[in-house]
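To keep things clear, I will list the structure first and then write my remarks on it.
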Amino acid sequence: AYKKLIRMNMPVDTEGKVHFTTTLFALIRENLSIKMRSAEEMDQADVELRETILKVWSLTGKTKIDLLVPCTPNIGRGRLTVGKIYGGLLILDNWKQTRFGHLDRPTLAKGDFLTMINNV
């Protein structure tokens with residue numbers, strides 16, 4: 001399930017929510033393999049899909065097209081997306097399954113942490 005959510009890569013707004021239309025279109029696109037390619041080529045596939053939608057629905061506003069296929073500035077560097085969230089969760093799950101996720105951590109008494117920082 002993580003793999004599909006990572007590939008859909010929908011932008012998350014300031015309230016931590018995704019738009020219904022974006023989610024629905026991403027689900028349809030992923031399941032019907034509409035302009036889906038490898039991760040390295042997805043930006044180009046997004047541009048081609050946007051162009052195709054604009055040709056077919058030429059009277060549709062740019063804001064509606066941005067809802068269907070978010071442009072690169074909305075999902076690029078510094079922007080939170082569903083793909084980035086689930087990518088992080090996948091890394092966390094893999095870490096927990098390794099021996100490093102099961103290491104015993106030393107317990108510190110109250111105030112020991114501050115003392116440790118002050119000694120540095």
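Note that the coordinates shown come from a computational prediction; the quantities given were computed from them, not determined experimentally. These numbers come from the heavy atoms of this one structure, side chains and all, not from hydrogens, waters or symmetry mates.
For the pair R79 and D13, the salt-bridge criterion is not met [side-chain N within less than 4.0 Å of a carboxylate O].
Distance check: L49 CG to M36 CE gives 10.0 Å after rounding to the nearest 0.5 Å. Rounding to the nearest 0.5 Å gives a distance of 10.5 Å between CG of L27 and CG of L32.
Side-chain contact between I65 and R50 is present, with heavy atoms from C-beta onward closer than 4.5 Å. A heavy-atom distance below 4.5 Å is not found between the side chains of R29 and L68.
A single hydrophobic cluster is not seen to contain both L54 and V47; linkage of ILVMFWY side chains at heavy-atom distances under 4.5 Å, directly or through other members, places them apart. Residues Y86 and I91 are members of separate hydrophobic clusters, defined by side-chain heavy-atom contacts under 4.5 angstrom among Ile, Leu, Val, Met, Phe, Trp and Tyr. The hydrophobic cluster containing V69 also contains V56, counting ILVMFWY residues as joined when their side-chain heavy atoms lie under 4.5 angstrom apart, directly or transitively. Cluster annotation: F20 is not connected to I85 through the hydrophobic network of ILVMFWY side chains, with a link wherever side-chain heavy atoms come within less than 4.5 Å. Taking hydrophobic clusters as Ile, Leu, Val, Met, Phe, Trp and Tyr residues chained together by side-chain heavy-atom distances below 4.5 Å, I34 shares a cluster with W57.
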### Query
Run the side chain to side chain contact (heavy atoms under 4.5 Å, CB included) check on V18 and V82 step by step: do they pass?
CA-CA 8 Å; V18 294; V82 171; 3.5 Å; yes
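Every salt bridge (Lys or Arg N to Asp or Glu O under 4.0 Å) that E48 has, sequence neighbours left out, goes to K35, R37. Under the rule for a side-chain contact (heavy atoms from CB on, under 4.5 Å), K55 has no partner lying at least two apart in sequence or in another chain.
Annotation for M10 and T22: closest pair CG-CG2, 3.9 Å, computed over non-hydrogen atoms.
Between the side chain of T21 and the main chain of L67, no donor-acceptor pair closer than 3.5 Å is present.
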